[in-house]
Amino acid sequence: MNRTGLTSLCLIALSLTFLTGCETVPITGRSQLNLVPESMVRSMALQEYNSFLQSPDTKLSGNTQQSAVVQRVGTRIADAVEKYMRENGMEKQIEGYNWEFNLVESKDINAWAMPGGKVVVYTGLMELANTDGQLAAVMGHEIAHAVARHGNERMSQGLLTTMGGVALAAAAKNQPAQTRELLLTSYGIGSSVGVILPYSRKQESEADRLGLIFMAIAGYDPHEALTFWQKMAAKGQGAKVPEFLSTHPADATRIRQIEDDMSEAEGYYKPAGQMP
Ligand SMILES: [Zn+2]
């Protein structure tokens with residue numbers, strides 16, 4: 001969507017009190033159109049997350065040591081990001097997140113996050129991301145999707161495509177079932193466990209950039225992200241593309257972008273020993 005289009009949609013959104021409208025992504029400052037109240041998106045996401053966890057096809061990892069690592073790294077990043085945002089005037093944007101980090105049995109090298117802070121890591125990822133810092137690279141990326149409200153944005157784009165601009169308020173309010181269907185379609189959860197449709201390339205690049213910053217804020221060396229992505233590239237892409245590679249350009253391009261974002265992330269990095 002071009003800038004003029006976005007601006008006029010924002011004006012439409014602003015004129016409808018029900019809608020959330022234009023928001024700004026924390027830290028990157030990018031404008032985004034989030035048409036659905038975040039509370040609605042989160043309650044639907046919570047329901048889907050719980051039904052995923054309770055599904056007979058889902059098996060939580062029995063490896064208590066690895067599960068603890070996922071908890072520890074996820075909590076450390078989320079806590080650090082919340083603290084940073086509260087201290088830097090972004091407390092409104094980090095309100096009401098209920099972070100959960102679960103390790104689920106699957107050979108897939110993958111992880112994903114839902115709105116409101118519901119994160120899943122697959123056991124297949126743990127073999128490749130074999131240090132806290134490398135795991136932090138992936139979890140920082142997933143936490144970034146949640147903090148940047150990419151789920152709401154994607155859902156809003158879905159609403160726009162299927163229902164058009166002005167009808168949106170009525171659609172979300174009067175057709176909750178249809179709106180819910182759009183969320184489910186966005187996540188693909190339910191019909192096929194854990195398969196998530198791709199975010200846009202712009203959102204993926206933003207999650208990479210924010211993920212680097214988030215891991216750095218939490219005291220993980222952002223260079224560990226490069227180590228991880230290089231290993232990932234060396235492994236090559238299988239038939240099943242992981243969420244965090246889904247709409248990305250070729251590995252080499254992604255690695256180059258991460259290198260470009262590195263000096264910004266370094267500015268946020270305080271080694272764990274020096275953290276207050
Ligand atoms: Zn991603």
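Indexing begins at 1, ligand by ligand and atom by atom, following the structure's order. Keep in mind the model is a prediction, meaning the values are calculated, not measured.
- Among the atoms of Glu142, no N, O or S atom falls under 2.8 Å of the Zn ion (ligand 1).
- Annotation: the span from Met262 atom CE to Tyr269 atom OH amounts to 11.0 Å, rounded to 0.5 Å.
- A centroid separation of less than 6.0 Å is found between the aromatic rings of Tyr268 and Tyr84.
- The atom of Glu204 nearest to the Zn ion (ligand 1) is OE1, with the search restricted to N, O or S atoms.
- A salt bridge does not link Glu259 with Arg256: every distance from a Lys NZ or Arg NE/NH1/NH2 to an Asp or Glu carboxylate oxygen is 4.0 Å or more.
- The Zn ion (ligand 1) sits nearest to atom NE2 when only the N, O or S atoms of His145 are considered.
- Contact annotation: His141 places an N, O or S atom under 2.8 Å from the Zn ion (ligand 1).
- Taking the charged nitrogens against the carboxylate oxygens, Glu91 and Arg86 have no contact shorter than 4.0 Å, which rules out a salt bridge.
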